[in-house]
Colleague: 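Right, I'll just put the structure down here and ask away after.
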Amino acid sequence: AQSVTQLGSHVSVSEGALVLLRCNYSSSVPPYLFWYVQYPNQGLQLLLKYTSAATLVKGINGFEAEFKKSETSFHLTKPSAHMSDAAEYFCAVSEISNFGNEKLTFGTGTRLTIIP
Amino acid sequence: DTEVTQTPKHLVMGMTNKKSLKCEQHMGHRAMYWYKQKAKKPPELMFVYSYEKLSINESVPSRFSPECPNSSLLNLHLHALQPEDSALYLCASSHIRGGREQYFGPGTRLTVT
C-alpha cells in the first residue's frame, strides 16, 4: 500500500519567512500526490497536485511543491509566509483500491503557525 | 462551479435519534466519498460511491448507512450512534479517472450526547 509521511507535526515561521513543509511518499508505482489545506472548522481545500506532467508544481496562494523521485519527496514551499497561511496542511497520495476505485491516503498533517 | 455543499453545518443528536447528513455537488463527478475526521487527525475514509453504487465500505459500523439517490446527492443516515462517533464528517467528490483530485465540502460537525 502507498503511504505518505509528514515530518513535523508543528511548524512555526515568522511572517515573511520561507515556509517549508515536508512530505515523503512510499509507492511502488509513479504516484499521484496532493497537498491540501484545512482552516479551522472547515473542509479541505486543494493547494496543488502532482500527476507526472512536471516536477515543479505551482498551486494556489503562492505555494509550490517539487517532486523528487530520487528522494521520494514532495515538499511544499512558499517564499514568504503570510498570517493567513496559518492552518493544517495534509499531504496525500492516491492509490487504486482492490475494487478499482481511487482512494486518498493522508499524512498525519502539519500545523503551520505564523509568528507576527 | 467547484463547490460541494453539506447540510447541516452542525448537528447534536442523542444516542437514540435518527438523523441524516446531506451532500450535494454539481460538477458532474461520478465518485463521491464520506470521511470522518477526529480533532487533530487526518480524514479517514468511510465510504466510496462510483456511478451511484457503493464500491468501498471501510468496515464502517452499520449504525452509519450511506445512500446515493442520484449522481449529485449523497446522504449519510445515522442511527443509534455512540459518543465516540462525534467528529467532523466530510463529503468529497471527484471524477472517476486516475489522479483526479477530490473536492471537499465544509463538513458537518456532529456531536452525540
Side-chain angles (χ1 to χ4, degrees), chain A residues 1-6 9-10 23 25 27 29-54 57 59-60 65 67 74 87-113, chain B residues 2-7 9-10 21 23-25 27 29-59 68 87-111:
Chain A
Q2 297 173 337
S3 64
V4 291
T5 301
Q6 291 184 242
S9 59
H10 292 88
C23 174
Y25 69 91
S27 174
V29 297
Y32 295 116
L33 293 163
F34 306 84
W35 275 100
Y36 283 87
V37 60
Q38 186 174 32
Y39 299 100
N41 298 313
Q42 293 188 26
L44 278 69
Q45 181 181 11
L46 179 70
L47 280 176
L48 49 80
K49 66 175 182 178
Y50 169 75
T51 56
S52 75
V57 182
I60 62 171
F67 175 76
F74 189 57
E88 188 84 20
Y89 291 81
F90 292 100
C91 182
V93 63
S94 178
E95 62 177 313
I96 303 298
S97 74
N98 292 336
F99 303 95
N101 297 99
E102 197 153 0
K103 52 189 288 188
L104 286 178
T105 299
F106 289 91
T108 51
T110 298
R111 180 166 297 275
L112 177 64
T113 300
Chain B
T2 58
E3 187 179 27
V4 176
T5 60
Q6 290 187 245
T7 55
K9 189 173 178 62
H10 299 277
L21 309 184
C23 173
E24 189 169 6
Q25 58 89 14
M27 294 177 277
H29 293 165
R30 302 305 295 275
M32 297 187 75
Y33 311 79
W34 279 115
Y35 289 86
K36 174 183 178 180
Q37 186 180 27
K38 302 285 277 186
K40 303 185 188 304
K41 297 290 187 183
E44 299 175 17
L45 183 65
M46 300 175 71
F47 302 103
V48 179
Y49 272 83
S50 300
Y51 299 108
E52 297 85 65
K53 294 189 188 317
L54 183 65
S55 54
I56 296 178
N57 177 340
E58 294 284 39
S59 302
C68 190
L88 181 67
Y89 287 84
L90 294 164
C91 173
S93 69
S94 74
H95 289 297
I96 294 287
R97 289 181 58 192
R100 299 297 178 131
E101 61 272 27
Q102 293 182 22
Y103 291 87
F104 285 80
T108 293
R109 176 72 61 187
L110 174 67
T111 302

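Hydrogens, waters and symmetry mates are skipped; everything else that's a heavy atom, side chains included, is used.
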Colleague: Could you state the interatomic distance from CZ (A:F106) to CD (B:Q37), rounded to the nearest 0.5 Å?
Modeller: 8.5 Å

Colleague: Which bit of A:L46 is near chain B, if near means a heavy-atom gap under 4.5 Å: side chain, backbone, both or neither?
Modeller: side chain

Colleague: Let me confirm one number: the NZ-OG1 distance from B:K40 to A:T108, rounded to the nearest 0.5 Å.
Modeller: 13.5 Å

Colleague: For B:K38, I'd like to know if atom NZ has over 12 heavy atoms of other residues, nucleotides or ligands within 6.0 Å.
Modeller: yes

Colleague: If every non-hydrogen atom of A:G107 is compared with every non-hydrogen atom of B:P42, which pair is closest and at what distance?
Modeller: O-CB, 3.3 Å

Colleague: Which bit of A:Q45 is near chain B, if near means a heavy-atom gap under 4.5 Å: side chain, backbone, both or neither?
Modeller: neither

Colleague: Which heavy atom of A:Q42 sits nearest to which heavy atom of B:L88, and what is that distance?
Modeller: O-CD2, 4.0 Å

Colleague: At a heavy-atom separation under 4.5 Å, does B:Q6 approach chain A through its side chain, its backbone, both, or neither?
Modeller: neither

Colleague: Using modelled atom types only, decide if a donor and an acceptor are shared between the side chain of A:Y36 and the backbone of B:Q102 within a distance under 3.5 Å.
Modeller: yes

Colleague: Just to verify, which of B:F104, B:Y103, B:Y35 counts as forming a side-chain contact (heavy atoms from CB on, under 4.5 Å) with A:L44?
Modeller: B:F104

Colleague: With rounding to the nearest 0.5 Å, note down the distance linking CG in A:L104 to CD in B:E101.
Modeller: 10.0 Å

